[in-house]
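Everything on this sheet refers to the single structure shown next.
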Amino acid sequence: MNPDKTEVLRLLDVLRTLMRMLAISNREAERRLGLTHNAVTRVFGGQIEAKLELILGIVRVIGLEYDEFFDFAYPERRAAGTRSAAAQRLDSLLEDLRPSGFRSAPAAEERPAPRRQAPAMAPVDRDELLKDLRKVVREVLGEMEAGSGATSKPENGD
């Protein structure tokens, strides 16, 4: 079976289990979302395709925030050394835009308690932030040009 399909079925199973634990029926979810009778049952049964909008709607109906649902679906975070190449590249590209002291993807044993208050951030200078953003965009565009063999340059230097 396609691994994407397998993962969708696993997420649907997690969602169905959370609904049952909270005593919310398929019918109640359909009513709250304004769906036709048996729509949720058909999605959970695999008769119709699970659309992300419907899944997120059900998450909201059962009273969870989106990140809370995904925390239940993925309770163990990847250790920093086991992240995909794409995730590592994105981390590298975004590193300069993160506030100091902020790290992405903490290992499971370093993961903060859920729903804690974010630390207060110092005021950010808008011009400095825009300068940093332009720098990162230029780097990304430079990498893209180097990879494609293109030689075009931005016209105005920004």
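If you read the sequence from its start, that first residue is 1, and numbering goes on from there.
- Taking CE of Met19 as the start and CD of Glu28 as the end, the distance is 9.0 Å to the nearest 0.5 Å.
- Atom-to-atom distance recorded for Arg89:CZ and Leu93:CG is 5.5 Å, nearest 0.5 angstrom.
- Remark: the backbone N or O of Glu65 is paired with a side-chain donor or acceptor of Glu68 at under 3.5 angstrom.
- Looking at heavy atoms from C-beta onward, Phe69 lies out of side-chain contact with Ile62 at the 4.5 angstrom threshold.
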For residues 45-58, tabulate all N or O donor-acceptor pairs below 3.5 Å that involve a side-chain atom, not counting sequence neighbours.
none

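- Taken to the nearest 0.5 Å, the CD1 atom of Ile24 stands 5.5 Å off from the CG atom of Leu22.
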With a 3.5 Å cut-off and sequence neighbours excluded, list the donor-acceptor pairs that the side chains of residues 4-18 form with protein atoms.
unit_1	atom_1	unit_2	atom_2	d
Thr6	OG1	Asn2	O	3.1
Glu7	OE1	Arg10	NE	3.3
Glu7	OE2	Arg10	NE	3.2
Glu7	OE2	Arg10	NH2	2.9
Glu7	OE2	Tyr74	OH	2.5
Arg10	NH1	Ala73	O	3.2
Arg10	NH2	Ala73	O	3.1
Asp13	OD1	Arg16	NH2	3.3
Arg16	NH1	Phe44	O	3.3
Thr17	OG1	Asp13	O	2.8

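- Arg138 is listed as a side-chain neighbour of Arg134, based on a closest heavy-atom distance under 4.5 Å.
- Side-chain contact of Asn26 with Arg42: a donor-acceptor pair under 3.5 Å is absent, judged by distance alone.
- Between Glu30 and Thr41, the closest side-chain pair of non-hydrogen atoms falls below 4.5 Å.
- Note that CG of Leu64 is 9.5 Å distant from CG of Asp67, once rounded to the nearest 0.5 Å.
- At least one side-chain heavy atom of Arg83 sits less than 4.5 Å from a side-chain heavy atom of Asp91.
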